Amino acid sequence: MASGILYLVLGLVNLIQYGPVSKEAVKEIVGNAKKSVNVDLEVGGDIDEIADMEIGVSMTDDDYNTTYTGPCQLKTSVAETHDYGTDHYQNTITSGAAMNTYGYEMVHFSQDTLYDKNGVKLLSSGVMTNRERETALLLELENTTGSVVYLSTSDITINGLLVNSSTWSSNAINPGKRCIVDVDLSDVLASPYWNVYGITQVGAVSLSLEQCNADGIEIAAETPVEIVVPDVNVSFDETGTSEVYNSNGLEIMFKDIIKDPSDYSSDLHVLLLAENNSGKTRTIHDVYDSLSVKRNRLYHIRIAC
């Protein structure tokens, strides 16, 4: 989808340089952009017109002095008649027609306000799967403040299993605008690993949301948010084939060795499961170049907690 969006933005920028923007011209650019969009987990809706858009421009001179314009709003001739009161995203993402057209299933959708901090509010959340059974979490958020807010996600768990503790994504939300945060759960924990950890379907997803301003200063601390899918078993396989480490309340078990799922890599991944009963936060990592099997180096260990 990124290539289509890039084409759309560049096309509109080029168009605006040469004068007023007509509805017909915008439709032509949107049509061309659609042709280059590969729909995967994201569904942007049936966009046949653009009322307005915002672009921030960064400029650097020969002395490496950088100037950032901030969000610049561009309006088309449709802006005066466009219906801004309707949440077109929610209507599209939950419609049977969109699901059939783009080949996805909305497993769960909720308008519960699970997050409302510092003027940033969660309007909706959803769990969706595509034809390849890849799963994504979609969060619709609104920034009601007068400044750009950078929202980051971290500490992602699936069915109670921590699969990513570092910052996973960061999204800029312009003042008075909305943003769709797409957390591809099949990337957070690669799909081939789900069976190893006994995850057959998503019953609950939790993550932390943190806000920073344009200078990178925290303005709202990490806050946990949990999305629960009703009537789905929330579990994972807590067993291992052998114990690797057990001391001071920390137990690490061996799960499996899996070939990298990518067609372009022959790497092997050691999958472990860690359980922390120490009462303290533990940070676990493998020491680089410390692992070998029959003189063959293995450079990556996957640890889930």
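Predicted model only: the values in this text are computed from it and were never measured.
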(message) Any heavy-atom pair between the side chains of Leu123 and Gln111 that's under 4.5 Å?
(response) no
(message) Between the side chains of Lys177 and Glu142, is the shortest nitrogen-to-carboxylate-oxygen separation below 4.0 Å, so that they form an ion pair?
(response) no
(request) Measure the spacing between CD of Glu140 and CG of Leu138 and express it to the nearest 0.5 Å. (result) 10.0 Å
(message) Main chain of Leu271, side chain of Asp256: is a donor-acceptor contact present, judged purely on distance under 3.5 Å?
(response) no
(request) Quick one: closest heavy-atom pair of Pro261 and Tyr193, and the distance? (result) CD-OH, 3.8 Å
Could you pull out every donor-acceptor pair under 3.5 Å between side chains of residues 112-120 and any protein atom, sequence neighbours left out?
from, atom 1, to, atom 2, distance (Å)
Asp112, OD2, Ser110, OG, 3.2
Tyr115, OH, Gln211, NE2, 2.8
Asn118, ND2, Gln211, OE1, 3.3

(request) Kindly check if the number of other-residue, nucleotide or ligand heavy atoms within 6.0 Å of CZ (Arg133) is above 12? (result) no
(message) Restricting to non-hydrogen atoms, name the atom on Pro175 and the atom on Ser147 that form the minimum distance, rounded to 0.1 Å.
(response) CG-C, 3.6 Å
(message) Salt bridge check, Asp237 against Lys255: does any charged N sit closer than 4.0 Å to a carboxylate O?
(response) yes
(request) Using modelled atom types only, decide if a donor and an acceptor are shared between the side chain of Asn65 and the backbone of Asp61 within a distance under 3.5 Å. (result) no
(request) Indicate the atoms forming the closest heavy-atom contact of Asn159 with Ser235, along with that distance. (result) ND2-O, 3.1 Å
(message) Do Arg178 and Asn143 have side chains that approach each other closer than 4.5 Å (heavy atoms only, starting at C-beta)?
(response) no
(message) Below 30° counts as parallel, above 60° as perpendicular, anything between as tilted: where do the rings of Tyr104 and Tyr102 land?
(response) parallel
(request) Ignoring hydrogens and angles, tell me if any N or O in the side chain of Thr81 forms a donor-acceptor pair with the backbone of Val78 under 3.5 Å. (result) yes
(request) Determine whether Tyr84 and Ile173 fall in the same hydrophobic cluster, where Ile, Leu, Val, Met, Phe, Trp and Tyr are linked whenever their side-chain heavy atoms lie under 4.5 Å apart. (result) no
(request) Decide whether Ser169 and Thr153 meet the rule of one side-chain donor and one side-chain acceptor closer than 3.5 Å. (result) yes
(message) Within the structure provided, determine whether His82 and Lys75 are in side-chain contact (heavy-atom separation under 4.5 Å).
(response) no
(message) Using modelled atom types and a 3.5 Å cut-off, is there a donor and acceptor pairing between side-chain atoms of Ser95 and backbone atoms of Thr92?
(response) yes
(message) Run Met106 and Ile93 through side-chain contact (heavy atoms from CB on, under 4.5 Å) and show every step you take.
(response) CA-CA 8 Å; Met106 185 57 62; Ile93 206 74; 3.3 Å; yes
(message) If I take atom CD from residue Glu238 and atom CG from residue Leu273, how far apart are they, to the nearest 0.5 angstrom?
(response) 7.5 Å
(request) Taking all heavy atoms of Trp194 and all of Leu189, pick out the closest pair and write down the distance. (result) NE1-O, 2.6 Å
(message) Assess the residue pair Asp260 and His269 against the criterion (side-chain contact (heavy atoms from CB on, under 4.5 Å)); give the C-alpha distance rounded to whole Å, side-chain angles, the decisive distance to 0.1 Å, and a yes or no.
(response) CA-CA 6 Å; Asp260 192 285; His269 298 258; 2.6 Å; yes
(request) Report yes if some heavy atom in the side chain of Ile219 is under 4.5 Å from a heavy atom in the side chain of Val149; otherwise report no. (result) yes
(request) Decide whether Met99 and Ile180 are clustered together by the hydrophobic rule: side chain heavy atoms of Ile, Leu, Val, Met, Phe, Trp, Tyr closer than 4.5 Å, transitively. (result) yes
(request) Assess whether atom CD of Glu243 is packed by more than 12 heavy atoms of other residues, nucleotides or ligands within 6.0 Å. (result) yes
(message) Testing the basics here: between Glu210 and Ala220, what is the closest heavy-atom pair and its distance to 0.1 Å?
(response) CG-O, 3.5 Å
(message) What I'd like to find out is whether the side chain of Val225 reaches to under 4.5 Å of the side chain of Leu139, using heavy atoms alone.
(response) no
(message) Is there a path of hydrophobic side-chain contacts, each under 4.5 Å between heavy atoms of I/L/V/M/F/W/Y residues, joining Val183 to Val232?
(response) yes
(message) Quick check against the 3.5 Å criterion: does Lys259 have a side-chain atom that pairs as donor or acceptor with the backbone of Ser265?
(response) yes
(request) Please round to the nearest 0.5 Å and tell me the distance separating atom CG of Asn164 and atom CD1 of Ile156. (result) 5.0 Å
(request) Please step through side-chain contact (heavy atoms from CB on, under 4.5 Å) for the pair Leu250 and Tyr245, ending with a clear verdict. (result) CA-CA 7 Å; Leu250 178 64; Tyr245 178 88; 4.2 Å; yes
(request) Spell out, as yes or no, whether a donor-acceptor pair under 3.5 Å connects the side chain of Asn276 to the backbone of Ser278. (result) yes
(request) State, with a plain yes or no, whether a side-chain heavy atom of Phe109 is found less than 4.5 Å away from one of Val127. (result) no
(message) Please find the pair of heavy atoms, one from Leu137 and one from Leu185, that lie closest to each other, and give the distance.
(response) N-CG, 4.2 Å
(request) Could you grab the distance from atom CD of Gln90 to atom OG of Ser124, nearest 0.5 Å is fine? (result) 4.5 Å
(request) Drop me the distance from Ser154's OG to Leu209's CG, to the nearest 0.5 angstrom. (result) 8.0 Å
(request) Following the transitive rule for hydrophobic clusters with a side-chain heavy-atom cut-off under 4.5 Å over Ile, Leu, Val, Met, Phe, Trp and Tyr, establish whether Val148 and Leu151 coincide in one cluster. (result) no
(message) Has His108 got a side-chain atom pairing as donor or acceptor with Ser125's backbone, closer than 3.5 angstrom?
(response) no
(message) Closer than 3.5 angstrom, by distance alone: can the side chain of Trp168 be matched with the main-chain N or O of Val188 as a donor-acceptor pair?
(response) no
(request) State, yes or no, whether a side-chain contact exists between Val196 and Ile258 at a heavy-atom distance under 4.5 Å. (result) yes
(message) To the nearest 0.5 Å, what is the distance between OG1 on Thr135 and CG on Asp187?
(response) 11.0 Å
(message) Donor-acceptor check, side chain of Asp215 to backbone of Ile217, threshold 3.5 angstrom: yes or no?
(response) no
(request) Test Tyr197 against Leu161 for side-chain contact (heavy atoms from CB on, under 4.5 Å), laying out the working first. (result) CA-CA 9 Å; Tyr197 289 103; Leu161 178 68; 3.9 Å; yes
(message) Quick one, Leu141 and Val181 - any side-chain contact, counting heavy atoms below 4.5 Å?
(response) yes
Can I get a per-line list of side-chain donor-acceptor pairs under 3.5 Å for residues 200-207, giving both atom names and the distance, sequence neighbours left out?
from, atom 1, to, atom 2, distance (Å)
Ser206, OG, Thr157, OG1, 2.3

(request) Check the hydrophobic clustering (I, L, V, M, F, W, Y; side-chain heavy atoms under 4.5 Å; chains of links allowed) and say if Val163 and Val234 are grouped together. (result) no
